[in-house]
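So you know, we letter chains A, B, ... as the sequences are listed, proteins then strands, and number each from 1. Side chains are part of it too, since the values below use all heavy atoms of this structure and drop only hydrogens, waters and symmetry mates.
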Number of protein chains: 2
Amino acid sequence: MAVDLDDIDWAIIEQLQQEARISLSELGRRVRLSASATTERVRNLESLGVITGYHAVVDLTRVGYPVLAVVRLKYPGNRHQPLHRLLAERREILECLRTTGDDCYTLKVAATSMAHLEVLMGELADFGSTTTSVVYSQTLPARGPARP
Amino acid sequence: MAVDLDDIDWAIIEQLQQEARISLSELGRRVRLSASATTERVRNLESLGVITGYHAVVDLTRVGYPVLAVVRLKYPGNRHQPLHRLLAERREILECLRTTGDDCYTLKVAATSMAHLEVLMGELADFGSTTTSVVYSQTLPARGPARP
DNA sequence: GTCTTCTGCCGCGATTCTCCCGGTAGCATC
DNA sequence: GATGCTACCGGGAGAATCGCGGCAGAAGAC
């Protein structure tokens with residue numbers, strides 16, 4: 001499952017984690033490789049599934065979602081289909097992790113207001129008992145892994 | 001704080017959330033605008049702080065971090081500096097949210113093995129009591145917000 | 001030793017994109 | 001109707017991308 005990556009691969013990954021929109025020639029300059037060799041490396045990392053995508057990140061508050069919450073969902077049954085349907089419909093749910101422990105799922109939810117959050121919590125409560133924590137701040141800007 | 005965005009801005013945001021490395025001309029084609037107008041809009045979204053960055057996402061397993069965990073940290077004191085230092089040093093900590101409720105912080109941690117996770121948990125336990133849940137799977141690929 | 005194959009890199013030319021500019025349509029304001 | 005303003009378009013210089021052939025070094029066969 002794990003792919004082995006040399007220093008240059010890691011340098012490429014670090015750069016693209018930070019600034020995904022730099023040109024391949026600029027990236028090549030930074031990792032000291034020609035543009036064509038860099039292109040080949042990047043394509044390779046993509047097709048190996050090491051790099052899974054490139055995403056713009058937006059400021060949730062500035063686009064109208066000032067409320068962010070972490071929800072833990074304790075889900076008694078085994079019937080996961082309806083939850084999956086909700087995840088697909090409700091774009092306010094930004095992330096959903098299935099975990100060990102008492103709380104089967106941990107979700108990250110964005111809301112336009114506390115009233116909106118209340119509505120979303122109502123929908124989630126259909127599936128089991130929830131524990132909600134509102135986020136004060138992102139202490140860390142989300143980031144990717146470094147070389148082990 | 002919130003910026004008001006029209007349909008075209010949202011179309012641009014949606015496209016760049018999905019595929020951040022498309023060219024500005026291609027983006028322009030998709031949102032039915034000339035390349036130069038598109039460029040101007042994107043620059044504007046960046047300088048308004050709506051778009052905060054572009055990041056490559058990697059497959060954690062394929063780069064050597066097969067273990068992902070969500071850690072809740074109950075932090076009794078008020079002295080947050082040491083934790084901030086740990087966050088800066090330890091790149092295995094991918095995300096850190098400060099939240100309401102009993103557990104002051106919620107972290108996302110990547111580890112190379114359970115043994116490695118154990119070490120990381122030991123370091124976090126210095127700050128307070130922790131609750132760790134290992135992640136089975138990401139039910140949802142992390143995504144950004146849609147138009148409210 | 002040397003022949004073959006393979007891998008990773010480079011350089012080149014055709015196409016495409018980016019960047020910066022001036023120009024213009026629409027819409028207020030005076 | 002003159003003036004500014006905003007958002008857009010088009011054009012041209014320069015840069016980036018893409019696909020190709022070619023080359024150096026390593027590995028393996030004999």
Side-chain angles (χ1 to χ4, degrees), chain A residues 1-65 144-148, chain B residues 1-65 144-148:
Chain A
M1 205 71 221
V3 175
D4 61 16
L5 304 168
D6 63 17
D7 302 288
I8 297 179
D9 289 323
W10 272 105
I12 288 173
I13 289 169
E14 296 262 359
Q15 289 297 324
L16 291 178
Q17 279 180 343
Q18 288 175 43
E19 290 185 72
R21 274 185 68 82
I22 56 173
S23 71
L24 292 168
S25 348
E26 173 59 24
L27 180 58
R29 257 169 250 133
R30 297 190 191 177
V31 304
R32 297 175 192 288
L33 225 54
S34 73
S36 41
T38 309
T39 306
E40 207 175 328
R41 290 245 188 186
V42 172
R43 298 274 171 274
N44 193 235
L45 290 171
E46 289 167 1
S47 67
L48 287 173
V50 172
I51 294 175
T52 59
Y54 305 93
H55 306 288
V57 173
V58 305
D59 182 310
L60 289 170
T61 300
R62 288 200 170 83
V63 299
Y65 292 96
R147 185 162 197 181
Chain B
M1 203 73 221
V3 176
D4 63 16
L5 303 169
D6 63 16
D7 302 288
I8 297 180
D9 289 323
W10 272 104
I12 288 173
I13 290 169
E14 296 262 356
Q15 290 298 323
L16 290 178
Q17 279 180 343
Q18 288 174 45
E19 290 186 72
R21 274 185 67 83
I22 56 173
S23 71
L24 291 167
S25 348
E26 173 58 24
L27 179 59
R29 258 169 248 131
R30 295 190 191 178
V31 303
R32 296 177 191 291
L33 225 53
S34 73
S36 41
T38 309
T39 306
E40 206 174 332
R41 289 243 188 190
V42 172
R43 299 273 171 275
N44 194 233
L45 291 171
E46 289 167 0
S47 66
L48 288 173
V50 173
I51 295 176
T52 59
Y54 306 93
H55 305 287
V57 174
V58 304
D59 182 311
L60 289 171
T61 300
R62 288 199 169 83
V63 297
Y65 291 97
R147 185 163 197 179

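- Checking A/Arg21 against A/Ala35, the closest nucleotide of DNA chain C that is more toward the 5' end is the one next to A/Ala35.
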| message | Go through it in stages, so that I can follow the logic: the residues are B/Asp7 and B/Arg32, the test is salt bridge (charged side-chain N to carboxylate O under 4.0 Å, His left out), and I'd like the CA-CA distance, side-chain angles, deciding distance and then a yes or no. | response | CA-CA 11 Å; B/Asp7 302 288; B/Arg32 296 177 191 291; over 6 Å; no
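- Looking at the side chain of B/Thr39, the nearest of the listed nucleotides C/dC10, C/dC19, D/dC9 is C/dC19.
- A pairwise comparison of heavy atoms in A/Pro148 and B/Val63 identifies CG-O, 3.8 Å as the closest pair.
- The CG-P distance, from A/Leu24 to D/dA16, rounds to 10 Å in whole Å.
- As judged by a 4.0 angstrom heavy-atom cut-off over every strand, A/Ser23 is placed among residues touching the sugar-phosphate backbone only.
- A donor-acceptor contact under 3.5 angstrom links the side-chain atoms of B/Ser36 to the base of D/dG10.
- Using a distance-only test at 3.5 Å, with no hydrogens or angles considered, a donor-acceptor pair links the side chain of A/Arg21 to the main chain of B/Ile22.
- For B/Arg43, the side-chain atoms get nearest to C/dC19 when compared with the rest of D/dC18, C/dC19, C/dC10.
- Atom CD of B/Glu46 is separated from atom P of C/dT18 by 12 Å (rounded to the nearest Å).
- Following rounding to the nearest Å, B/Leu27 (CG) and C/dC19 (P) show an atom-to-atom distance of 13 Å.
- Nearest nucleotide to the A/Arg29 side chain, out of D/dA16, C/dT18, C/dC9: D/dA16.
- Between A/Glu40 and A/Arg43 no salt bridge is recorded (no basic side-chain N to carboxylate O distance below 4.0 Å).
- Rounded to an integer number of Å, the gap from B/Leu33 CG to C/dC17 P is 16 Å.
- Rounded to an integer number of Å, the gap from CG of B/Asp4 to P of D/dA7 is 11 Å.
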| request: Report the C-alpha separation of B/Leu5 and B/Leu45 in whole Å, then their side-chain angles, then the decisive distance to 0.1 Å, and conclude whether the side-chain contact (heavy atoms from CB on, under 4.5 Å) test is met. | output: CA-CA 9 Å; B/Leu5 303 169; B/Leu45 291 171; 3.7 Å; yes
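- Residue contacts shown for A/Glu26 are absent, as no nucleic acid heavy atom lies under 4.0 Å away.
- When the nucleotides C/dC9, D/dA7, D/dT17 are ranked by their closest atom to the side chain of B/Arg41, D/dA7 comes out on top.
- For A/Ser25, a side-chain nitrogen or oxygen approaches OP1 or OP2 of D/dT17 to under 4.0 Å.
- At whole-Å resolution of the value, CD1 in B/Ile22 and P in C/dT18 are 10 Å apart.
- Distance CD (A/Glu40) to C1' (D/dG22): 14 Å, rounded to an integer number of Å.
- If you measure from atom CD1 of B/Ile8 to atom P of D/dT6, you get 18 Å, rounded to the nearest angstrom.
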